[in-house]
Amino acid sequence: MIDKIKDLLQEVQQMQAANAEELEALRIKYLSKKGEISQLMNDFRNVAPDQKREVGKFLNELKETTQHKINELKEGFENVQTGTEELDLTRTAYPVKLGMRHPLSLVKKEICDIFARLGFSIAEGPEIEDDWHVFSSLNFAEDHPARDMQDTFFIQHNPDVLLRTHTSSVQTRVMEKEQPPIRIICPGRVYRNEAISYRAHCFFHQVEALYVDKNVSFADLKQALLFFAKEMFGKETKIRLRPSYFPFTEPSAEMDISCNLCGGKGCPFCKHTGWVEILGCGMVDPNVLENCGIDSKQYSGYALGMGIERITNLKYQVKDLRLFSENDIRFLKQFESAN
């Protein structure tokens with residue numbers, strides 16, 4: 001029996017397996033309940049008492065050597081690498097591609113970065129607002145059309161609770177809590193009760209800016225607007241200001257930029273005028289300052305606001321506003337290089 005054990009021991013020491021299936025077959029052959037070592041264990045009962053100690057020693061050595069050899073071969077298979085990485089069976093079967101920033105997020109960040117270089121800090125506020133911060137504090141008359149249900153989403157038929165129609169409400173909240181100098185930019189989502197089409201949506205995004213301090217003039221506003229236009233659309237960009245009306249600014253103006261497609265020569269995009277409207281602006285109405293607890297005789301300020309979708313349209317020539325909210329991966333992939 002000792003000779004048989006020695007032959008098996010030599011056989012085990014030279015044992016090899018090309019794959020996990022062959023290794024499992026060897027384990028069954030030697031270590032299973034019906035394997036060769038188990039049969040030797042059964043035969044051990046018939047060994048003469050004076051030989052049991054010596055035979056038992058060889059038998060234990062055979063079992064330990066076989067188990068060690070099986071484990072050694074198994075570890076070799078587990079450490080095999082596929083390419084340069086270990087095979088991870090928990091990974092998905094297809095390559096996982098990185099995502100990309102939404103075009104509106106790209107443009108919003110660019111706008112905020114430009115105004116940050118002018119010393120503006122970001123301020124945010126709630127999207128569910130009250131009448132005071134959205135309308136009354138901003139000098140809206142009680143019969144102003146913007147208060148009508150055709151323009152504003154009210155909450156549970158409560159005329160005092162509504163979805164903000166502009167981010168100017170953030171400006172009034174900041175002016176109520178802080179004293180000048182105030183230099184903030186307010187990006188955010190706003191809501192208006194409009195029919196959804198290629199040129200309008202019931203929600204969109206705005207960026208508004210506010211600067212309040214002593215001796216702030218319209219010249220300061222114009223320089224800020226010119227700096228923004230050149231940084232956003234190129235150094236050759238020109239601006240023009242047209243008189244307008246907003247309840248919360250006086251005087252008020254609409255700002256146009258020279259068409260970035262035709263360079264101001266005239267094309268279908270600018271309706272052959274050479275100019276494209278991008279934002280509204282003006283000097284903060286003294287009534288707004290007083291409503292927010294700021295002395296209008298000591299301080300003055302300017303405000304401006306623009307739609308992020310409008311700027312994105314000019315920058316990337318997106319012709320349908322609905323594309324921004326549909327999350328069509330084919331549309332979003334076009335902006336991968338801009339990330």
Colleague: Any heavy-atom pair between the side chains of L104 and K108 that's under 4.5 Å?
Modeller: no
Colleague: Taking atom CD1 of I28 and atom CD of E24, what is their separation to the nearest 0.5 Å?
Modeller: 4.5 Å
Colleague: Got a second to check how far L289's CG is from N287's CG, nearest 0.5 Å?
Modeller: 9.0 Å
Colleague: Between atom NZ of K315 and atom CD1 of I308, what is the distance when rounded to the nearest 0.5 Å?
Modeller: 13.5 Å
Colleague: Show your reasoning for whether side chain to side chain donor-acceptor pair (under 3.5 Å) applies to N71 and H68.
Modeller: CA-CA 5 Å; N71 291 339; H68 178 74; 6.0 Å; no
Colleague: If every non-hydrogen atom of P187 is compared with every non-hydrogen atom of V207, which pair is closest and at what distance?
Modeller: CB-CG2, 3.9 Å
Colleague: For C281 and L279, which heavy atoms make the closest approach, and how far apart are they?
Modeller: CB-CD1, 4.1 Å
Colleague: Flag the pair Y245 / P247 as yes when at least one side-chain heavy-atom distance between them is below 4.5 Å, and no otherwise.
Modeller: yes
Colleague: Is there a side-chain contact between P103 and L332, using heavy atoms and a 4.5 Å cut-off?
Modeller: yes
Colleague: Rounded to the nearest 0.5 Å, what separates atom CG in N313 from atom CD1 in I278?
Modeller: 12.5 Å
Colleague: For V288 and M175, what are the C-alpha separation, side-chain angles and deciding distance, and is it a side-chain contact (heavy atoms from CB on, under 4.5 Å)?
Modeller: CA-CA 9 Å; V288 175; M175 285 190 288; 3.9 Å; yes
Colleague: How would you list all residue pairs meeting salt bridge (Lys or Arg N to Asp or Glu O under 4.0 Å) that involve residues 297-314, not counting sequence neighbours?
Modeller: none
Colleague: Quick one: closest heavy-atom pair of W132 and N291, and the distance?
Modeller: CZ2-O, 3.6 Å
Colleague: K109: which residues meet the salt bridge (Lys or Arg N to Asp or Glu O under 4.0 Å) condition with it, sequence neighbours left out?
Modeller: D113
Colleague: Please report the interatomic distance CD(E127) to CZ(R189), rounded to the nearest 0.5 Å.
Modeller: 6.0 Å
Colleague: Show, in sequence, the C-alpha distance, side-chain angles and deciding distance for S136 and D131, and conclude whether the side chain to side chain donor-acceptor pair (under 3.5 Å) test is met.
Modeller: CA-CA 6 Å; S136 297; D131 178 274; 2.6 Å; yes
Colleague: Evaluate the side-chain contact (heavy atoms from CB on, under 4.5 Å) criterion for residues L314 and I257: first the C-alpha distance (whole Å), next the side-chain angles of each, then the deciding distance (0.1 Å), finally the verdict.
Modeller: CA-CA 10 Å; L314 293 172; I257 61 168; 4.3 Å; yes
Colleague: First locate atom OG of S300, then atom CG of D220, and finally report the distance between them rounded to the nearest 0.5 Å.
Modeller: 8.0 Å
Colleague: Would you say that more than 12 heavy atoms from the other residues, nucleotides or ligands in this model lie under 6.0 Å from the NZ of K69, or not?
Modeller: yes
Colleague: The criterion is side chain to side chain contact (heavy atoms under 4.5 Å, CB included); which residues satisfy it with R240, sequence neighbours excluded?
Modeller: R242, D256, W275
Colleague: Which residues pass the ring pair (Phe, Tyr, Trp, His ring centres under 6.0 Å) test with Y211, not counting sequence neighbours?
Modeller: Y302
Colleague: Apply the test salt bridge (charged side-chain N to carboxylate O under 4.0 Å, His left out) to residues E231 and R117: give CA-CA distance (whole Å), side-chain angles for both, the deciding distance (0.1 Å), then the verdict.
Modeller: CA-CA 11 Å; E231 290 293 306; R117 296 199 290 274; 2.7 Å; yes
Colleague: Are any of the side-chain heavy atoms of F228 and M306 separated by less than 4.5 Å?
Modeller: yes
Colleague: Would you mind listing the cluster partners of Y198? Hydrophobic ones only (ILVMFWY), side-chain contacts under 4.5 Å, chaining allowed.
Modeller: none
Colleague: Listed by chain and number, what are the salt bridge (Lys or Arg N to Asp or Glu O under 4.0 Å) partners of E254, not counting sequence neighbours?
Modeller: none
Colleague: Is it true that, when you exclude N215 itself, more than 12 heavy atoms of the residues, nucleotides or ligands shown sit nearer than 6.0 Å to its CG?
Modeller: no
Colleague: Residues in salt bridge (Lys or Arg N to Asp or Glu O under 4.0 Å) with D50, at least two apart?
Modeller: none
Colleague: More than 12 non-hydrogen atoms from neighbouring residues, nucleotides or ligands closer than 6.0 Å to CD on Q10, yes or no?
Modeller: no
Colleague: For A303 and L210, which heavy atoms make the closest approach, and how far apart are they?
Modeller: CB-CD1, 4.3 Å
Colleague: Quick one: list whatever passes ring pair (Phe, Tyr, Trp, His ring centres under 6.0 Å) with F218, sequence neighbours left out.
Modeller: none
Colleague: In the structure I gave you, are the side-chain heavy atoms of V107 and T312 within less than 4.5 Å of one another anywhere?
Modeller: yes
Colleague: Counting heavy atoms not belonging to Q317, are there more than 12 under 6.0 Å from its CD?
Modeller: yes
Colleague: With sequence neighbours excluded, what pairs up with K29 under the salt bridge (Lys or Arg N to Asp or Glu O under 4.0 Å) test?
Modeller: E11
Colleague: Salt-bridge test for E129 and R173: reply yes if a basic N is under 4.0 Å from a carboxylate O, no otherwise.
Modeller: yes
Colleague: May I ask you to list the residues sharing a hydrophobic cluster with V190, side-chain cutoff 4.5 Å, ordered by chain and number?
Modeller: F204
Colleague: Do T165 and R192 touch side chain to side chain, with heavy atoms closer than 4.5 Å?
Modeller: yes
Colleague: If you look at every heavy atom in L8 and L62, which pair is closest and at what distance?
Modeller: C-CD1, 3.9 Å
Colleague: Would you mind listing every salt bridge (Lys or Arg N to Asp or Glu O under 4.0 Å) that reaches into residues 205-218, with sequence neighbours excluded?
Modeller: none
Colleague: Between F324 and F331, what is the ring plane arrangement, given parallel below 30°, perpendicular above 60°, and tilted in between?
Modeller: perpendicular
Colleague: So does E22 have more than 12 non-hydrogen atoms from other groups sitting under 6.0 Å from CD?
Modeller: yes
Colleague: For the residue pair K34 and Q39, what are the closest heavy atoms and their distance?
Modeller: O-NE2, 3.4 Å
Colleague: Using the ring pair (Phe, Tyr, Trp, His ring centres under 6.0 Å) criterion, which residues pair with F120? Sequence neighbours excluded.
Modeller: F115
